[in-house]
Amino acid sequence: MIIAIDGPAGAGKSTVSRALAAALQLDHLDTGAMYRAVTFGVLARGIDPAAHDEVAEAAEDMTIDVGASTVIVDGVDATSAIRGRDVTDSVSAVAANPMVRDLLVRRQRDWVAQRGGGVVEGRDITTVVLPDANLKLFVTASPRVRAERRVAETGGDVDQVEASIIERDRRDSTRSASPMTVAGDAVVLDTSDLGIDEVVERVLDMVGDGR
Ligand code: DC
């Protein structure tokens, strides 16, 4: 069983993906962590994240291991650093690099092929990486709700966080390489007014007897 999940940052996509993987006893792959891992490696090597050729070359020979709870880049534990400010500020430039995308899309498909299935989350999973998945979900929530959730976790000003979320969505959905779009046959789940448990229950109902 292959479940593909896309959606913007802060919509609850990761929480839903992990809960579904646990309920269905499937492995889970966070592809955003892969783009973050490449960004970490690029910064560690002192390369400009916007230098497409250099970044792509570095990505080719980087060893990236995105596990269930750790991310290792060239033997260095990057689990917390990939969520830090430096990587977060530079990851959009790396994710806009078509050569990096080709490389990571291949690795993501290999990951699924090796396991015969799994729950894969990202921005282009339903549209580009796994368009033939058994179930395709687009998990979203209003920018305001996403900002409120972020502030509840890490603090900050809701208006400012909301503005930066709107800006990141704009960049992710207007870039030329694999912009984030909703696949025609994806199920859209708006988590603005739904708890994660309710969302997971709904999806498990959709999966039905395939469980
Ligand atoms: O989900 P996240 O915030 O960890 O994603 C990090 C960045 O990578 C974000 O800018 C979107 C991008 N991304 C992407 O372009 N394609 C994916 N499949 C996953 C993430």
Side-chain angles (χ1 to χ4, degrees), residues 2-18 20-21 28-43 49-50 52 55-56 59 62 64 66-71 73 78-112 118-131 133 136-141 143 146-147 149-150 153-154 156 161-183 186 189 191:
I2 302 174
I3 301 185
I5 306 185
D6 286 326
K13 180 175 38 131
S14 254
T15 314
V16 169
S17 302
R18 286 174 197 279
L20 279 176
H28 164 257
L29 180 63
D30 172 4
T31 62
M34 296 173 78
Y35 288 95
R36 287 174 180 274
V38 171
T39 307
F40 172 87
V42 160
L43 295 176
H52 277 196
V55 167
M62 236 176 249
I64 293 167
V66 173
S69 55
T70 54
V71 175
V73 181
T79 314
S80 352
I82 62 159
R83 306 286 163 199
R85 185 75 192 262
D86 291 348
V87 169
T88 300
D89 285 348
S90 296
V91 66
S92 289
V94 172
N97 185 326
M99 293 172 281
V100 172
R101 300 203 72 85
D102 280 352
L103 175 74
L104 294 189
V105 166
R106 254 184 284 131
R107 291 193 186 163
Q108 290 154 14
R109 288 181 180 146
D110 286 348
W111 182 95
V112 173
V119 178
V120 183
E121 59 159 305
R123 300 292 192 288
D124 61 341
I125 311 304
T126 59
T127 52
V128 175
V129 182
L130 303 167
K136 297 194 257 179
L137 304 174
F138 191 89
V139 178
T140 189
R146 287 153 58 201
R149 288 179 187 157
R150 174 79 51 84
E153 272 174 26
T154 57
V161 174
E162 184 184 16
S164 79
I165 282 174
I166 291 171
E167 173 55 21
R168 186 127 85 98
D169 284 359
R170 192 192 61 74
R171 268 186 276 154
D172 286 343
S173 54
T174 57
R175 69 174 176 224
S176 55
S178 297
M180 181 174 64
T181 48
V182 184
L189 291 168
T191 69

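Values below: every heavy atom of this structure, side chains too, minus hydrogens, waters and symmetry copies. Order of appearance sets the numbers: ligands from 1, and atoms from 1 within every ligand. Just so it is clear, the model here is predicted, and its values are computed rather than measured.
- By heavy-atom distance, the residue among Ala9, Gly32, Gly7, Pro8 lying nearest atom 5 (O) of ligand 1 is Gly32.
- Residues Ser164 and Arg150 have side chains that never bring a donor and an acceptor to within less than 3.5 angstrom of each other.
- Between Arg101 and Ser178 the shortest heavy-atom distance is NE-CB, 3.5 Å.
- In terms of protein heavy-atom proximity, atom 7 (C) of ligand 1 is nearest to Val91 CG2, 3.6 Å.
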Given side chain to side chain contact (heavy atoms under 4.5 Å, CB included), test Trp111 with Val120 step by step and report yes or no. CA-CA 10 Å; Trp111 182 95; Val120 183; 3.8 Å; yes
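- Heavy atoms of Arg168 approach ligand 1 to within less than 4.0 angstrom.
- The existence of a salt bridge linking Asp169 and Arg146 is confirmed by a sub-4.0 Å separation between a basic side-chain nitrogen and an acidic carboxylate oxygen.
- Below 4.0 Å from some heavy atom of Ala95 lie the following atoms of ligand 1, by number and element: 12 (C), 15 (O).
- The shortest heavy-atom contact between Asp30 and Arg18 is OD2-NH2, 4.2 Å.
- Atoms of ligand 1 lying under 4.0 Å from at least one heavy atom of Ser92, given by number and element, are 10 (O).
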Thr31 vs Leu104, side chain to side chain contact (heavy atoms under 4.5 Å, CB included): CA-CA, chis, key distance, verdict: CA-CA 8 Å; Thr31 62; Leu104 294 189; over 6 Å; no
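- With respect to atom 19 (C) of ligand 1, the closest heavy atom belonging to the protein is Thr31 OG1, 3.4 Å.
- When heavy-atom distances to ligand 1 are checked against a 4.0 Å cut-off, Asp172 comes that close only through its side chain, counted from C-beta outward.
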Could you go through the side chain to side chain contact (heavy atoms under 4.5 Å, CB included) check for Thr88 and Arg36 one step at a time? CA-CA 7 Å; Thr88 300; Arg36 287 174 180 274; 3.0 Å; yes
Check the pair Ile125 / Leu29 against side chain to side chain contact (heavy atoms under 4.5 Å, CB included), numbers first and verdict last. CA-CA 11 Å; Ile125 311 304; Leu29 180 63; over 6 Å; no
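- Summary of contacts: the protein heavy atom closest to atom 8 (O) of ligand 1 is Tyr35 CB, 3.7 Å.
- Interface atoms of ligand 1 facing Arg36, defined by a heavy-atom separation under 4.0 Å, are 2 (P), 3 (O), 4 (O), 6 (C).
- Between Arg123 and ligand 1, at least one pair of N/O atoms sits closer than 3.5 Å.
- Contact atoms of ligand 1 toward Arg83: 4 (O) (distance under 4.0 Å to a heavy atom of the residue).
- Under the 4.0 Å criterion applied to side-chain N and carboxylate O atoms, Arg149 and Glu153 are not assigned as salt-bridge partners.
- Polar contact with ligand 1: present for Arg101 (N/O pair, distance under 3.5 Å).
- In terms of N/O distances under 3.5 Å, ligand 1 is approached by Arg175.
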